Amino acid sequence: MTDLSEIVADIAAEMAEAPDRGVVADYIAPLGAVDPRRFGIAVIAADGTCHLAGDAEQPFSVQSVAKVFGLTLALGAAGDAVWNRVGREPSGTAFNSIVQLEAELGIPRNPFINAGAIVVSDILLGRREPAEAIAEILRFVRALAGEDDIFIDATVAEAEAATGYRNKALANYMRAFGNLHHDVDRVLGVYFHQCALAMSCRQLALAGRYLMNAGRNPSTGHSVVSPRRALRINALMLTCGHYDGSGEFAFRVGLPAKSGVGGGILAVAPGKASIAVWSPGLNARGNSQLGTLALERLVQRTGWSVFEAD
Ligand code: DON
C-alpha cells in the first residue's frame with residue numbers, strides 16, 4: 001500500500017478541487033456561517049502514526065458524531081438496560097423524524113437518531129444536575145483524545161436550544177410514553193451541549209481510537225469498553241450512523257461511521273485506523289458530501305472496507 005500520508009494528501013488535494021460540495025446546514029447561525037470550502041482529514045493508524053491533511057486542526061461542531069461518546073458513557077452507566085429504552089435497528093427515516101415513535105410506543109429505533117440520543121441523555125442525566133452530566137461528557141472526550149484543549153461551544157448550544165422545536169417535540173412525546181424520566185428541558189440541556197462539542201479532525205480521530213482497538217485506549221492501555229461492547233458500537237455505527245443514508249454509506253464506504261450536521265464523520269477501520277473527516281457541505285440526507293467521498297477514496301486505496309477480504 002502507498003504511504004498513508006501520501007494517500008491522505010492526495011485525497012485532500014482532490015477534495016480541494018471538488019465542484020459539488022453540498023449545502024452547509026443553516027438551521028442555526030453558527031453552523032450557517034462556516035466556509036463550505038473547508039476540508040480536513042485525520043487518519044490515526046493502529047501503529048500510532050497520525051496522518052493529517054487540509055483543515056485537520058480546525059475545530060468544528062461535531063454535532064451528532066458526539067452521540068457515539070454519549071452512548072458509550074450511557075452503556076457504562078446503565079449497561080445493557082439501555083436497550084430496554086432504545087432499539088438497535090436502522091430507522092430508514094431522517095435523523096429528526098418523529099413518525100415511528102407513535103407506533104413504537106416512544107422507543108426510538110436506535111441511539112443515533114435524535115430521539116435515541118435524547119433518551120441516552122436522559123440516562124446520562126441520572127440523578128445529577130445537567131451541568132454535571134455535561135462536564136462528564138467533556139471530561140470523557142478529553143480523556144479519550146488525551147487532550148484538554150476540547151470545548152463545548154456555548155453559542156451553538158444556545159442556538160440549538162432556541163430553535164430546537166423538533167427535539168422538544170420528540171422529548172415531550174417520549175416523556176408522554178414514560179420513556180423519558182427527567183424534566184424535558186434538563187434532558188435537552190444535556191443533549192444540546194453534547195451536540196455543541198467542538199473538535200478538530202485530529203482530536204476526533206484520537207477520541208475514536210478505542211473503537212478500532214477492541215475497546216482499549218492505545219495511549220493509556222486502559223479499557224474504555226469491553227471488546228464485545230466496542231464491536232457492538234461499531235455495528236450500530238455501520239447500520240445506523242448515517243440515518244436514512246446508512247445503506248448507501250455502507251455500499252460506498254463500508255466502515256462503521258457516525259456523521260454530524262456540522263459536516264464531520266468519525267469512521268473506524270477495526271484493527272487498522274481511526275479516521276475523522278470534515279467538510280461542512282451536506283448531501284440530501286444531511287451527511288457530509290465530501291467527507292463521504294473522501295472516505296470512499298480512502299477505502300479504495302487502503303482496502304479497509306470491513307467487507308473486503310484481507
Ligand atoms: O439535534 C439536532 O438536530 C442537531 N443538533 C444535531 C443533528 C445532527 O448532527 C444530525 N446529523 N446529521
Side-chain angles (χ1 to χ4, degrees), residues 2-44 50-66 94-95 145 147 149-157 159-160 163 195-208 241-243 245 248-249 252-253 255 257-267 273-302:
T2 325
D3 174 69
L4 260 181
S5 289
E6 196 180 317
I7 294 174
V8 162
D10 287 352
I11 290 170
E14 187 191 340
M15 296 307 130
E17 302 299 322
D20 181 6
R21 310 187 77 82
V23 180
V24 177
D26 61 0
Y27 70 95
I28 50 170
L31 291 187
V34 181
D35 182 350
R37 288 167 301 183
R38 298 288 201 172
F39 173 83
I41 179 165
V43 177
I44 300 183
C50 176
H51 310 269
L52 309 177
D55 300 307
E57 297 279 10
Q58 171 75 38
F60 61 90
S61 191
V62 305
Q63 292 291 324
S64 289
V65 180
F95 65 89
E147 295 201 0
D149 190 23
I150 294 174
F151 300 97
I152 288 173
D153 186 333
T155 319
V156 170
E160 297 275 359
T163 60
C195 289
L197 261 172
M199 297 169 77
S200 69
C201 287
R202 189 181 56 77
Q203 291 170 330
L204 201 50
L206 282 169
H242 280 68
Y243 315 105
E248 177 72 8
F249 186 87
R252 287 178 58 190
V253 178
L255 291 177
K258 182 73 207 79
S259 72
V261 285
I265 303 176
L266 171 65
S274 173
I275 306 148
V277 289
W278 170 55
S279 179
L282 307 178
N283 63 23
R285 311 263 196 214
N287 302 311
S288 176
Q289 170 99 355
L290 293 189
T292 307
L293 184 60
L295 289 167
E296 194 175 9
R297 293 282 186 267
L298 183 69
V299 297
Q300 281 165 357
R301 292 188 61 179
T302 55

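Only a predicted model underlies this, so the values are computations on that prediction, with no experimental measurement involved. The figures here come from the full heavy-atom set of this structure, side chains too, leaving out hydrogens, waters and symmetry mates. The first residue of the sequence shown is numbered 1, and numbering continues consecutively from there.
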Hits for side chain to side chain donor-acceptor pair (under 3.5 Å) against E248, two or more places apart or cross-chain, chain-then-number order -> none
For side-chain contact (heavy atoms from CB on, under 4.5 Å), just list the numbers for I7 and H51, CA-CA rounded to whole Å, side-chain angles, deciding distance to a tenth of an Å, and then say yes or no. CA-CA 9 Å; I7 294 174; H51 310 269; over 6 Å; no
Sorted by chain and residue number, the salt bridge (charged side-chain N to carboxylate O under 4.0 Å, His left out) partners of E6 (sequence neighbours excluded) come out as none
By side chain to side chain contact (heavy atoms under 4.5 Å, CB included), A294 pairs with (sequence neighbours left out) I11, M15, F39, V277
* To do: Compare all side-chain heavy atoms of L282 with those of V23 and state whether any distance is below 4.5 angstrom.
  => no
Residues at least two apart in sequence or cross-chain that pass side chain to side chain donor-acceptor pair (under 3.5 Å) with T163, listed by chain then number, are none
What one should report as the nearest heavy-atom pair of A12 and G54 is CB-N, 4.1 Å
For Y243, the side chain to side chain contact (heavy atoms under 4.5 Å, CB included) test, sequence neighbours excluded, returns S64, K67, F95, I113, K258, S259, N287
Between S61 and V156, the two heavy atoms sitting closest are OG-CG1, 3.9 Å
Taken to the nearest 0.5 Å, the spacing of I28 CD1 from C195 SG works out to 9.0 Å
Output for pair (S288 OG, L293 CG), nearest 0.5 Å, gives 9.5 Å
Hits for salt bridge (charged side-chain N to carboxylate O under 4.0 Å, His left out) against D20, two or more places apart or cross-chain, chain-then-number order -> none
Residues V299 and V253: closest non-hydrogen pair is CG2-O, 3.5 Å
Residues at least two apart in sequence or cross-chain that pass side chain to side chain contact (heavy atoms under 4.5 Å, CB included) with R37, listed by chain then number, are D35
Here the side chain to side chain donor-acceptor pair (under 3.5 Å) pairs for residues 274-283, sequence neighbours left out, are none
Sorted by chain and residue number, the side chain to side chain donor-acceptor pair (under 3.5 Å) partners of R38 (sequence neighbours excluded) come out as D55
| task | Check step by step if side-chain contact (heavy atoms from CB on, under 4.5 Å) holds for T302 and L4. | result | CA-CA 8 Å; T302 55; L4 260 181; 4.1 Å; yes
Value for OG1 (T155) from CG (L31), rounded to nearest 0.5 Å, stands at 11.0 Å
Looking only at heavy atoms, the pair that brings F249 and A257 closest together is CE2-CB, 3.4 Å
By side chain to side chain contact (heavy atoms under 4.5 Å, CB included), A18 pairs with (sequence neighbours left out) R21, L290
CG of L206 to CD1 of I44, rounded to nearest 0.5 Å, is 3.5 Å
When every non-hydrogen atom of C50 is compared with those of R202, the smallest separation belongs to SG-CG, 4.1 Å
- prompt: Hey, are the side chains of L255 and L298 touching, using non-hydrogen atoms and a 4.5 Å cut-off?
  reply: no
Within the side chain of Q203, is there an N or O that forms a donor-acceptor pair under 3.5 Å with the backbone of P59?
no
Shortest non-hydrogen pair, L266 vs A205, comes out as CD1-CA, 4.4 Å
**Asked** Would you say M199 and E147 make side-chain contact, with heavy atoms under 4.5 Å?
**Response** no
Sorted by chain and number, sequence neighbours left out, side chain to side chain donor-acceptor pair (under 3.5 Å) with D10 holds for R301
**Asked** Is I265 close to H242 at the side-chain level, that is, under 4.5 Å between some pair of heavy atoms?
**Response** yes
